[in-house]
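Worksheet: one structure, shown below.
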Number of protein chains: 2
Amino acid sequence: MHSPTKHIAESTVRRLSLYLRFLEEFEARGQTTVSSGELARSGGTTSAQVRKDLSFFGSFGKRGLGYGVKDLISSIREILGLEQPWPVIIIGAGKIGAALAQYRGFTSRGFHVVGVYDADPSKVGMQLGALAVRSDKEIERDIAAHKPRIAVLAVPADAAQPMVDRVVAAGMHAVLSFAPAPLHAPHGVTIRAVNMATELEILAYSLTHGV
Amino acid sequence: MHSPTKHIAESTVRRLSLYLRFLEEFEARGQTTVSSGELARSGGTTSAQVRKDLSFFGSFGKRGLGYGVKDLISSIREILGLEQPWPVIIIGAGKIGAALAQYRGFTSRGFHVVGVYDADPSKVGMQLGALAVRSDKEIERDIAAHKPRIAVLAVPADAAQPMVDRVVAAGMHAVLSFAPAPLHAPHGVTIRAVNMATELEILAYSLTHGV
DNA sequence: ATGGCTTTGTGAAATCTTTCACAATGTAGT
DNA sequence: ACTACATTGTGAAAGATTTCACAAAGCCAT
Ligand SMILES: NC(=O)c1ccc[n+]([C@@H]2O[C@H](COP(=O)([O-])OP(=O)(O)OC[C@H]3O[C@@H](n4cnc5c(N)ncnc54)[C@H](O)[C@@H]3O)[C@@H](O)[C@H]2O)c1
Ligand SMILES: NC(=O)c1ccc[n+]([C@@H]2O[C@H](COP(=O)([O-])OP(=O)(O)OC[C@H]3O[C@@H](n4cnc5c(N)ncnc54)[C@H](O)[C@@H]3O)[C@@H](O)[C@H]2O)c1
């Protein structure tokens, strides 16, 4: 039911994550049922798109009625893999790493920061929320011992690829990087990069060429 | 030459920003000429893709030789609108806003932070790098006076839409938001949102369903 | 139970994006 | 000047994604 044979486009997965956010709002407001049209309006898409996105994974609605809010929340959480907790480590306890380590928005979705690492001895031991910064030398041992599933990289650009290599060698299969550096990893490892300069440049392009 | 009649896909603009990054590396290494194939290899795409992306905007290469690194850098900077400086304001001087305000990576691309604002009186006056945090009450006056072109939002989710409305009313046409909230703006205003939870959820999906 | 109304799920069509493949154009060596 | 070679620029083909449009299914009022 929840494992499509076909490859699913990233845009679909991204929208599912978005729908989940809206569904949680509908739930908080006490709404029990929602139509593809309502969901589409919140998310700036179309009702056909919403139905098509869901149809890749199964059939979740009731014709004439719409989707049960609670049911659809569980279904999407299951599709995305959010029914299990996701231990995450953060590497680089600088300005952005420290902000991320203390950010509470992750936890609500099942992402738990279980370790923060830095190469700078003056940062090691520093308390960030409930966690103390650990030395980067512990990364390999901690990955082996605690099996965090995702590594978030907040290190300088030139340290990013070597760190990807290290965590991949240690068994990590997913990396989210904030460093403005192109990253490569072997097949089977998923890398995502958030590049703020690129986001600003897309805005600059759209301002320059009219909307 | 640089203003296509056709609509250009966001994916193309995103890749242009990426090519620019690689070109700057080639330039730093003293390379004067680069082929679409080399550029493609750095960026994990194909040479045909590189040539097609550029062809929307004109003809920048020499057959048999490739592209002049310096020339292509200026051409892409012109396409993206980066030949002019982009004054930016940051709204919300919390953990992420403070990190962004002190981030030096923006400046190199022509994005200059000209103001940081917060609603919390205890944050107003705080020094972030060269800038002092100002009261959010000054936002409208400062936009009118200094005409920043992009507003970066680092405020809590429920303050995001009201703040979009304020800055748009004050004349802003582009917003980059870090708040996990869906944002709407009138036609003619470009909004981009970086949602870290969604990025992690896409990783969770790909780990859950195999790569 | 029936009929009218609403909304889903989904093939098919339309649109958008990427890849292919090659003529055109230029370089470089002789 | 000629030849061999490299690489661009681009229509056309292939592939991917979105939108359309409608039959099927279920609710609700009577
Ligand atoms: N600050 C921002 O707003 C911002 C925005 C976008 C992108 N980024 C990117 O995020 C990354 C971090 O930025 P920042 O502003 O937090 O920088 P920062 O200098 O404050 O922090 C970087 C941290 O990484 C640590 N580090 C360096 N090498 C390491 C290694 N091999 N292992 C472990 N730790 C190591 C340093 O000791 C430092 O504490 C950079 O790549 C930057 O370009 C930052
Ligand atoms: N910290 C992170 O790593 C992180 C990661 C992803 C997303 N975000 C998002 O970024 C936003 C900011 O996060 P943060 O961790 O910096 O939070 P924070 O609480 O540290 O900072 C928010 C700041 O916004 C200010 N503020 C509130 N209302 C305002 C208003 N109307 N005008 C001006 N300023 C106002 C507050 O005074 C505070 O200083 C949130 O929406 C958060 O969900 C944060």
Side-chain angles (χ1 to χ4, degrees), chain A residues 1-2 4-19 22-23 26 31-73 75-76 79 202 205-206, chain B residues 1-2 4-19 22-23 26 31-73 75-76 79 202 205-206:
Chain A
M1 192 66 141
H2 291 151
T5 48
K6 260 195 56 178
H7 173 261
I8 298 297
E10 180 185 311
S11 50
T12 292
V13 179
R14 182 177 295 278
R15 282 189 301 265
L16 288 175
S17 161
L18 208 62
Y19 302 155
F22 298 131
L23 285 164
F26 283 122
Q31 195 171 332
T32 58
T33 256
V34 70
S35 72
S36 57
E38 285 175 278
L39 222 35
R41 233 164 298 125
S42 328
T45 178
T46 65
S47 63
Q49 180 80 83
V50 171
R51 295 198 300 276
K52 183 63 99 181
D53 286 339
L54 292 170
S55 77
F56 294 130
F57 298 94
S59 170
F60 306 102
K62 282 207 180 61
R63 298 183 189 215
L65 239 202
Y67 301 88
V69 171
K70 277 182 202 287
D71 290 353
L72 194 52
I73 287 177
S75 298
I76 295 183
I79 291 168
I202 295 174
Y205 176 88
S206 79
Chain B
M1 190 69 139
H2 291 151
T5 47
K6 260 195 56 177
H7 171 78
I8 299 297
E10 181 185 310
S11 50
T12 291
V13 179
R14 183 177 295 277
R15 281 190 301 266
L16 288 175
S17 160
L18 208 61
Y19 301 155
F22 299 130
L23 285 164
F26 283 121
Q31 195 171 332
T32 58
T33 255
V34 71
S35 71
S36 57
E38 285 175 279
L39 222 33
R41 235 165 295 125
S42 328
T45 177
T46 66
S47 63
Q49 180 80 81
V50 171
R51 295 198 299 279
K52 183 62 98 180
D53 286 339
L54 292 171
S55 77
F56 294 129
F57 299 93
S59 170
F60 306 103
K62 282 206 179 60
R63 297 180 188 220
L65 239 202
Y67 302 87
V69 171
K70 278 182 201 286
D71 290 352
L72 194 51
I73 287 177
S75 298
I76 294 183
I79 291 167
I202 295 173
Y205 176 89
S206 79

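Residue numbers start from 1 in every chain, and the chains themselves are labelled A, B, ... in the order their sequence lines are given, proteins ahead of strands.
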| message | Would the distance check show the side chain of B:S75 and the main-chain N or O of B:D71 forming a donor-acceptor pair, the cut-off being under 3.5 Å? | response | yes
Can you see if the side chain of B:Q49 gets near the phosphate of C:dT19 - specifically, an N or O under 4.0 Å from OP1 or OP2? yes
Between the CG atom in B:L54 and the CD atom in B:Q49, the distance rounded to the nearest 0.5 Å is 10.0 Å
- request: Verify, without hydrogens or angle tests, whether B:S42 (side chain) and B:E38 (backbone) share a donor-acceptor contact under 3.5 angstrom.
  value: yes
A:F60 atom CZ is separated from D:dG26 atom P, nearest whole Å, by 16 Å
In whole angstroms, the gap separating P of D:dG9 from CG of B:D53 amounts to 12 Å
- prompt: Base, sugar-phosphate, or nothing for B:S47, non-hydrogen atoms under 4.0 angstrom?
  reply: nothing
Worksheet item: Can you tell me if the side-chain N/O atoms of A:S36 get under 4.0 Å from OP1 or OP2 in C:dT7?
Response: no
Report yes if at least one side-chain N or O of B:S59 is closer than 4.0 Å to OP1 or OP2 of D:dG9; otherwise report no.
yes
To the nearest angstrom, the CZ-C1' distance between A:F56 and C:dT10 comes to 10 Å
CG (A:L23) and CD (A:Q31) are apart, to the nearest 0.5 Å, by 9.5 Å
So, with a heavy-atom separation below 4.0 Å from DNA chain C, the residues of residues 6-17 of chain A are none
query: So, is B:Y67 close to the D:dG9 phosphate, meaning a side-chain N or O under 4.0 Å from OP1 or OP2?
result: yes
A:L54 atom CG is separated from C:dT10 atom P, nearest whole Å, by 11 Å
Scoring nucleotides 21-30 of chain C by protein non-hydrogen atoms under 4.0 Å (B base, S sugar-phosphate only, - none) yields B-BBBSS---
B:Y205 and A:I79 have their tightest heavy-atom pair at CD1-O, 3.5 Å
Determine the contact category for B:T45: base if any of its heavy atoms lies under 4.0 Å from a base atom, sugar-phosphate if only primed atoms, P, OP1 or OP2 are that close, otherwise nothing. nothing
One should read off an interatomic distance between A:T45 OG1 and A:L18 CG, to the nearest 0.5 angstrom, of 9.0 Å
OG1 (B:T33) and NZ (B:K62) are apart, to the nearest 0.5 Å, by 7.5 Å
Between the CG atom in B:L72 and the CZ atom in B:F22, the distance rounded to the nearest 0.5 Å is 13.0 Å
Among C:dG9, C:dG11, C:dT7, the one nearest any side-chain atom of A:K52 is C:dG11
So OG of B:S35 and OH of B:Y67: to nearest 0.5 Å the spacing works out to 9.0 Å
